[in-house]
Amino acid sequence: MTNTRSVAPRVLDDVVEGAVNFRDLGGYRTADGLVVRSGLVYRSGMMHTITAAGLVTLRDTLGIRTVVDLRNAQELEADGVSPFEDYGVEWRNAPIGGETVTTPEERRERVRDYVANTVDWCEAYVRMTERNPGAFRDLFEATASAASTPLVFHCSGGRDRTGVGAALLLSSLGVDDETIARDYALTGDLLQPHVDRFRRQMEAVGMTHESWARLLETSADAMRRFLAWFRQEHGGAESYLRATGVPGPAFDAARRHLLQLP
């Protein structure tokens with residue numbers, strides 16, 4: 001049986017003004033019966049659209065201390081960063097992707113796949129973890145630290161880079177694959193009201209509103225296949241994260257900090 005808190009997560013798009021796919025990762029059960037604490041780790045899509053009122057909510061209502069931004073240099077230059085530090089929130093960049101980690105032919109092929117909607121997201125996530133171990137190390141260490149939380153991590157849509165980061169965190173805490181896959185799959189529906197916010201990305205690859213909306217559809221199967229590959233190739237999330245340089249005591253600290261009895 002899948003140990004989800006319910007079919008509906010704690011979505012905060014209507015609470016944090018300007019937020020996109022902003023939700024609490026707390027509430028999921030682990031295989032040994034513990035529960036991921038609510039109010040400590042949030043996942044999100046783009047955050048440069050959050051208004052001044054939304055930033056106040058992050059600080060005063062959610063108590064956010066840290067934002068970990070997974071966007072790369074090109075995205076930061078194009079879309080900018082909200083003035084988090086003006087609101088007492090630390091901003092950290094753990095970039096994933098960008099021109100330095102793909103060849104020109106890979107970029108052309110990716111655009112063709114986007115337009116044709118034939119992307120194999122499982123394969124994309126395999127490449128992502130192989131090429132960006134340092135970013136996933138930094139993200140895990142931040143979420144495991146009581147001094148950094150409450151924390152929110154995000155990319156552009158909050159599905160791919162953020163989805164893999166969430167999967168590694170939840171899996172390392174003992175949440176089962178099916179729960180993780182279902183959490184990942186929620187993003188497709190949650191992004192549909194925000195398709196127009198991706199206008200820059202749509203224009204960059206020559207896609208229409210309708211084709212981009214189809215691209216944002218999210219299948220749990222991609223995450224299931226990725227997690228199965230991950231377990232076979234790396235022995236699981238903790239083994240992978242240890243290989244990136246996360247020290248052993250950090251996993252015990254993460255469990256003490258992020259898990260509680262139901």
Side-chain angles (χ1 to χ4, degrees), residues 1-31 35-47 49-50 54 57-58 62 64 67-71 96 117 119-122 124-125 128-129 136 139 143 150-198 201 209 212-228 230 237 258:
M1 179 179 296
T2 301
N3 294 318
T4 53
R5 84 202 105 189
S6 69
V7 295
R10 186 185 175 203
V11 180
L12 299 173
D13 287 4
D14 292 336
V15 175
V16 181
E17 188 175 88
V20 173
N21 188 24
F22 193 112
R23 46 197 162 108
D24 192 337
L25 271 181
Y28 290 130
R29 290 181 181 270
T30 67
V35 178
V36 180
R37 294 180 188 273
S38 296
L40 287 180
V41 181
Y42 300 85
R43 56 176 295 173
S44 182
M46 61 182 72
M47 295 187 68
T49 57
I50 292 178
T57 300
L58 292 183
L62 301 182
I64 298 297
V67 172
V68 180
D69 191 335
L70 304 178
R71 294 177 300 159
I96 296 175
N117 200 20
V119 179
D120 185 331
W121 293 109
C122 173
Y125 301 156
M128 184 187 299
T129 52
F136 289 113
L139 174 60
T143 57
L151 170 151
V152 54
F153 63 97
H154 75 100
C155 53
S156 182
R159 179 183 67 180
D160 303 318
R161 291 165 288 187
T162 299
V164 172
L168 293 177
L169 174 63
L170 292 174
S171 185
S172 72
L173 293 174
V175 177
D176 65 274
D177 288 4
E178 185 61 24
T179 297
I180 294 169
R182 288 181 60 186
D183 178 79
Y184 160 83
L186 292 168
T187 288
D189 289 340
L190 293 174
L191 287 180
Q192 292 305 315
H194 303 294
V195 173
D196 284 338
R197 295 182 186 245
F198 294 89
Q201 293 92 329
H209 180 285
W212 194 268
R214 289 195 300 273
L215 182 68
L216 293 177
E217 294 173 357
T218 307
S219 169
D221 184 62
M223 183 55 66
R224 291 189 192 102
R225 290 189 292 119
F226 169 71
L227 290 169
F230 214 74
L258 298 177

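Bear in mind the structure is a predicted one, so any value in this text is a computation, not a measurement. Along the sequence shown, residues are numbered consecutively beginning with 1.
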[X]: which residues meet the salt bridge (Lys or Arg N to Asp or Glu O under 4.0 Å) condition with it, sequence neighbours left out?
X: Asp14; value: none
X: Asp177; value: Arg231
X: Arg225; value: Asp120, Asp221

Please report the C-alpha distance between Phe22 and Val15 in whole Å, then the side-chain angles of each, then the deciding distance to 0.1 Å, and finally whether the side-chain contact (heavy atoms from CB on, under 4.5 Å) criterion is met. CA-CA 9 Å; Phe22 193 112; Val15 175; over 6 Å; no

Are any side-chain N or O atoms of [X] and backbone N or O atoms of [Y], one a donor and one an acceptor, separated by less than 3.5 Å?
X: Arg71; Y: Met46; value: no
X: Thr162; Y: Cys155; value: yes
X: Asp176; Y: Ala31; value: no
X: Ser171; Y: Leu168; value: no
X: Thr49; Y: Gly18; value: yes

Just so I know, are the side chains of [X] and [Y] near enough to count as touching, which here means a heavy-atom distance under 4.5 Å?
X: Ile180; Y: Tyr28; result: no
X: Ser156; Y: Phe198; result: yes
X: Thr143; Y: Leu139; result: yes
X: Val152; Y: Leu62; result: no
X: Glu17; Y: Ile50; result: no
X: Leu169; Y: Leu258; result: yes
X: Ser38; Y: Asp24; result: yes
X: Phe153; Y: Arg161; result: no

If you round to the nearest 0.5 Å, how far is [atom2] of [Y] from [atom1] of [X]?
X: Leu151; Y: Ile64; atom1: CG; atom2: CD1; value: 7.0 Å
X: Leu12; Y: Leu58; atom1: CG; atom2: CG; value: 9.5 Å
X: Ser44; Y: Leu25; atom1: OG; atom2: CG; value: 11.0 Å
X: Trp212; Y: Gln192; atom1: CH2; atom2: CD; value: 12.0 Å

Search all heavy atoms of [X] against all heavy atoms of [Y] and return the closest pair with its distance.
X: Ala237; Y: Ser172; value: CB-N, 3.9 Å
X: Ala185; Y: Ser219; value: CB-C, 4.4 Å
X: Met47; Y: Val67; value: SD-CG1, 4.1 Å
X: Thr187; Y: Arg43; value: OG1-NH2, 3.6 Å
X: Gly163; Y: Met223; value: O-CE, 3.9 Å
X: Arg23; Y: Leu190; value: NE-CD1, 3.4 Å

Option passing side chain to side chain contact (heavy atoms under 4.5 Å, CB included) with Val36 (candidates Val41, Leu173, Thr179): Leu173

Can you classify the ring geometry of Tyr125 versus Tyr184 as parallel (below 30°), tilted (30 to 60°) or perpendicular (above 60°)? perpendicular

